[in-house]
Structure formats: C-alpha cells, structure tokens
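Throughout, a chain's letter reflects where its sequence line sits, starting with A, and its residues are numbered from 1.
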Amino acid sequence: MNVRDAVFAVVGRIPPGKVLSYGHVADLVDGVRVTPLTVGRIMATADADAPWHRVMARDGELVIARRSPRLAELQKIRLLSEGVAFDGEGRVRMDLHTWHPGGTLFDDMEGD
DNA sequence: AACTTGACGTGAC
DNA sequence: AGTCACGCCAAGT
C-alpha cells in the first residue's frame, strides 16, 4: 500500500457534502505515517476522478487558490453543488461540514 | 534507474 | 505573530 493509495482511500470515503482538512485526512490514514503536507502533495496529483475538492486547509481555505484560481473556482463550484456552505471570506464552513468517519449513517446530520 | 526539484499543512515553540 | 520541525511524495531530467 503506497501512501498515495492510503490517502486516496480516505479521501474517496468522504461522502458528498462533507469535507476534511489535510491534517484530518493525514490523521485518518492508518498503517502509514503521513503529514498534512504529504496529503497536500498527493492531493496535488489527484486524478479528476477523485473527490479532491472535499479536502482543504483546516481553516477552510481552498489552498489550491494560491496556485490555480481556476481550479479553486472549480472546487468551489463542486462543493456548492454538494450543498457545502461558505463563509463571507470564501472559506468552507468546516464547523458545519467536517466529516466524522466511523460513523455512521448520520454523517449527514451534523450539518443541521 | 538514480538524482534533483517542486510542492495544496499544521501544531508547537 | 513569525519561525521551525515533522510523518516526504511525485514528476521531470
């Protein structure tokens, strides 16, 4: 199991409408020791098929915007399409949409 | 196939 | 608030 696979295994399990931070993904990856930076690195090489848009900075900021405003816009559109709310500063409401794995069938109820 | 370079974080100090 | 260390992978040459 490569780190890349382990990371995408976690990312791939994020349900629509839910999001995770790099650090959170890194923490969920088990069996392999990874840093949030590593997650970010790998996410940078994510396939279009992967739900890469559900991963962002812990602050809710779309980090990709630093490098590609165009992709950031795409990410934002995808998130909005899933019902993810943003605050007035263009950041994702992590407090409302952070995914709590293990869970559950109720992983969608925390959004209120 | 080996080496170099680039690159989407986060918490502690 | 800025700096530092940590769990460094992937792509190009």
Side-chain angles (χ1 to χ4, degrees):
Chain A
M1 175 75 86
N2 288 330
V3 177
R4 181 186 158 96
D5 288 332
V7 169
F8 278 119
V10 174
V11 175
R13 289 187 179 90
I14 305 175
K18 308 305 282 186
V19 299
L20 284 181
S21 69
Y22 299 102
H24 211 149
V25 172
D27 189 60
L28 289 175
V29 173
D30 188 41
V32 176
R33 186 138 280 208
V34 297
T35 65
L37 241 168
T38 302
V39 174
R41 302 258 33 182
I42 295 173
M43 289 303 300
T45 66
D47 297 336
D49 184 59
W52 55 269
H53 57 282
R54 295 180 190 145
V55 185
M56 59 219 54
R58 199 175 186 281
D59 196 27
E61 178 184 333
L62 304 186
V63 186
I64 182 62
R66 301 172 187 170
R67 297 173 50 89
S68 176
R70 206 291 248 184
L71 286 178
E73 192 64 17
L74 175 61
Q75 181 173 15
K76 186 175 182 179
I77 290 174
R78 281 189 173 185
L79 291 172
L80 287 173
S81 186
E82 295 180 354
V84 174
F86 284 74
D87 64 6
E89 301 177 10
R91 296 182 304 193
V92 175
R93 282 276 189 163
M94 299 299 288
D95 55 322
L96 297 179
H97 300 290
T98 298
W99 178 45
H100 294 260
T104 138
L105 306 144
F106 301 103
D107 54 5
D108 208 312
M109 68 181 277
E110 61 187 293
D112 191 43

*How does protein contact run along nucleotides 1-7 of chain C, one letter per nucleotide 5' to 3', with B for base contact, S for sugar-phosphate only, - for none, heavy atoms under 4.0 Å?*
------B
Under 3.5 Å donor-acceptor pairs involving side-chain atoms of residues 1-8 of chain A, not counting sequence neighbours:
unit_1 : atom_1 : unit_2  : atom_2 : d
A:Arg4 : NH1    : A:Thr45 : O      : 3.4
A:Arg4 : NH1    : A:Thr45 : OG1    : 2.9

Please tabulate, for side-chain N and O atoms in residues 49-57 of chain A, each donor-acceptor pair with protein atoms closer than 3.5 Å (sequence neighbours left out).
unit_1  : atom_1 : unit_2  : atom_2 : d
A:His53 : ND1    : A:Arg78 : NH1    : 3.4
A:His53 : NE2    : A:Glu82 : OE2    : 3.0
A:Arg54 : NE     : A:Glu82 : OE1    : 3.2
A:Arg54 : NE     : A:Glu82 : OE2    : 3.2
A:Arg54 : NH1    : A:Ile14 : O      : 2.7
A:Arg54 : NH2    : A:Glu82 : OE2    : 2.8

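Near DNA chain B, meaning a heavy atom under 4.0 Å from it, residues 45-58 of chain A has A:Ala57, A:Arg58 in order of number. Annotation: proximity of residues 2-14 of chain A to DNA chain B (heavy atom, distance under 4.0 Å) is found for no residue.
Of the P atoms belonging to C:dC6 and B:dT5, the separation is 23 Å, rounded to the nearest Å. Taking the C1' atom of each, C:dA1 and B:dT10 are spaced 15 Å apart, rounded to whole Å. Taking the P atom of each, C:dG7 and B:dG6 are spaced 24 Å apart, rounded to whole Å.
Hydrophobic cluster membership differs between A:Leu37 and A:Val32, with clusters built from Ile, Leu, Val, Met, Phe, Trp and Tyr side chains linked at under 4.5 angstrom.
Looking at residues two or more places apart in sequence or on another chain, you find a side-chain contact (heavy atoms from CB on, under 4.5 Å) between A:Arg93 and A:Ala85, A:Asp87, A:Asp95, A:Leu96, A:His97. Evaluation of the side-chain contact (heavy atoms from CB on, under 4.5 Å) rule for A:Ser68 yields A:Ile64, A:Arg70, A:Leu71 as partners, not counting sequence neighbours.
Annotation for A:Phe86 and A:Val92: closest pair CE2-CG2, 3.5 Å, computed over non-hydrogen atoms. The shortest heavy-atom contact between A:Pro36 and A:Ala26 is N-CB, 3.9 Å.
Enclosure of atom CZ in A:Arg13 is not indicated, since only 12 or fewer non-hydrogen atoms of other residues, nucleotides or ligands lie within 6.0 angstrom.
Under the 4.5 Å side-chain criterion, counting only non-hydrogen atoms from C-beta, A:Val34 is not in contact with A:Ile42.
Contact annotation for A:Ser21: backbone-only contact, meaning every heavy-atom pair under 4.0 Å involves sugar-phosphate atoms and none involves a base.
One can place CZ of A:Arg66 at 15 Å from C1' of B:dG6, the figure rounded to the nearest angstrom. Going from atom CE of A:Met94 over to atom P of B:dG9 covers 14 Å, rounded to whole Å.
Residue pairs that meet the salt bridge (charged side-chain N to carboxylate O under 4.0 Å, His left out) test with at least one member in residues 24-39 of chain A, sequence neighbours left out, do not exist here.
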_From CA spacing to verdict: side-chain contact (heavy atoms from CB on, under 4.5 Å), A:Leu62, A:Leu79_ = CA-CA 11 Å; A:Leu62 304 186; A:Leu79 291 172; 4.2 Å; yes
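Glycosidic conformation of C:dG7 is syn; the angle stays within 90° of 0.
Helical stems of DNA chain B (runs of at least 3 Watson-Crick or G-U pairs, donor-acceptor distances under 3.5 Å) are listed by first residue: B:2-6 with C:9-13, B:9-13 with C:2-6.
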